[in-house]
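What follows is one structure encoded as structure tokens, with my remarks underneath.
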Protein chains: 2
Amino acid sequence: MNARSVTNGVMARKAGSHADITGPAIREAALRLFARSGYAAVSMRQIAAEVGVRAGALYLYTPDKQTLLFDLMQDHLETLLAAWKVTKSGTSPAERLQSFVRFHVGYHIDRRDAVFLAYMELRNLTPENFAAIETLRSAYEVELETILAAGQEAGAFRLPDVRVTTMALIGMLTGVNTWFRGDGRLDRERIEQIYWNLTRRMVHA
Amino acid sequence: MNARSVTNGVMARKAGSHADITGPAIREAALRLFARSGYAAVSMRQIAAEVGVRAGALYLYTPDKQTLLFDLMQDHLETLLAAWKVTKSGTSPAERLQSFVRFHVGYHIDRRDAVFLAYMELRNLTPENFAAIETLRSAYEVELETILAAGQEAGAFRLPDVRVTTMALIGMLTGVNTWFRGDGRLDRERIEQIYWNLTRRMVHA
DNA sequence: GTCTATAGATGGATAGAC
DNA sequence: GTCTATCCATCTATAGAC
């Protein structure tokens, strides 16, 4: 029994109305394939095959391939920002920074494909789409930069340069995405601890 | 006057023997275009147009597109490793680490396209080529990990985890490639200083 | 909502003239 | 060494049947 057979009571794999299933399935397949092989290297036929439909059917759910990519990236960044806004906590600069570091690392572990896509496929966006995505990415970066600047101002942190430290930290934390697989000797909680440990000393807190 | 006119004394743009010029020109054009738009998104015709020849002529210099990519990545990593071996210096763990940090940041600033290509296009390599490149990448990572492990052993560094710190540092330092443009308020020497400052505190040296 | 079929463009790579 | 010409595969996207 798969999701489809639950819907119509048979093991049908052809024809019928499955908009509620096919739409998300396309997005999931596209996300996985784009993250694995790259946007330009993945064909609409491959995505369709993964979902179990023909290529033409994809165009009932997206006007074109570019929009499919853009929607995946936009949704990811909006979800990331929204998740951070409800997670952020702490009153002191150090507490706020810790909440950001743990959130960022944890989120990057949980949503590997979306995170990877969002920073690997920027160059495959049209100029208009790129501008929209960059605005969202920048808003997220500013969240960290604001914490660092406040800590520097209050004397809680001693940073050689707030802007460069922001970029250095983002790079360091995002890097977890490139090596962590979840099947190693360390679990998610331990990774978060280690990254926070490194960060704390880096900002001299 | 361009390089070609110097060679044969006329402003010729067609026919003639230019193996010594065309070969490197193809590699430079491919490196730039692959780095900017991605391997899969760049056509052999685009590369040829950039060089000033027709697509067919490229096949006098590379058996196929995949080999062109592989050679660029392999050359980069071999050059990187060789450059590091002649640059590495210092006797104490802290001195060795400083030499690595400054080398890595400086090299990433100087060879932006090659560096970017080497970590963005791994997924477009055939399995055999991927394995060869991964061996080289790993050898470079081990250089840093060895320094950190030695410092930890000697009590010069206090790291929560040598392996994770290696990956965190590589991510942090490599990140300079994604934002530094050379036309900002900071020069190369200052960037190296800042990254070393952050690193030194991170390892508790 | 999905399929078959296809238009129209573009891709990598090769053959043979010069 | 390069060009012209081309083969053949593949791609995105659409039209029309069911």
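Just so we're on the same page: letters track the sequence lines, and every chain starts at 1. Just so it is clear, the structure is predicted and the values come from calculations on it, not from any experiment.
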Rounded to whole angstroms, how far apart are [atom1] on [X] and [atom2] on [N]?
X: A:L60; N: D:dT12; atom1: CG; atom2: C1'; value: 15 Å
X: B:L69; N: C:dG12; atom1: CG; atom2: C1'; value: 15 Å
X: B:L68; N: C:dA13; atom1: CG; atom2: C1'; value: 14 Å
X: A:L58; N: C:dT4; atom1: CG; atom2: C1'; value: 15 Å
X: B:D64; N: D:dA9; atom1: CG; atom2: P; value: 18 Å
X: B:I26; N: D:dT2; atom1: CD1; atom2: P; value: 7 Å
X: B:Y59; N: D:dT6; atom1: OH; atom2: P; value: 19 Å
X: B:R54; N: C:dA17; atom1: CZ; atom2: P; value: 19 Å

Are any of the side-chain nitrogens in [X] or [Y] under 4.0 Å away from the carboxylate oxygens of its partner?
X: B:R96; Y: B:E143; value: no
X: A:E141; Y: A:R163; value: yes
X: B:R188; Y: B:E192; value: yes
X: A:R123; Y: B:E121; value: yes

Checklist entry - Does a donor on one side chain and an acceptor on the other come within less than 3.5 Å for A:T67 and A:D64? => result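 Yes.
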
Item to check | DNA chain C-proximal residues of residues 39-47 of chain B, any heavy atom under 4.0 Å | outcome: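 Within this stretch, B:V42, B:S43, B:M44, B:R45 sit under 4.0 Å of the strand.
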
Checklist entry - Centroid-to-centroid, B:Y107 to B:W84, below 6.0 Å? => result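 Between B:Y107 and B:W84, the centre distance exceeds or equals 6.0 Å.
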
Checklist entry - Are A:T22 and C:dG1 close enough that a side-chain N or O sits under 4.0 Å from OP1 or OP2? => result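 Looking at the OP1 and OP2 atoms of C:dG1, neither is under 4.0 Å from any side-chain N or O of A:T22.
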
Item to check | Residue-phosphate contact under 4.0 Å: B:Y61 side-chain N/O, D:dT2 OP1/OP2 | outcome: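 The answer is yes; a side-chain N or O of B:Y61 sits under 4.0 Å from OP1 or OP2.
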
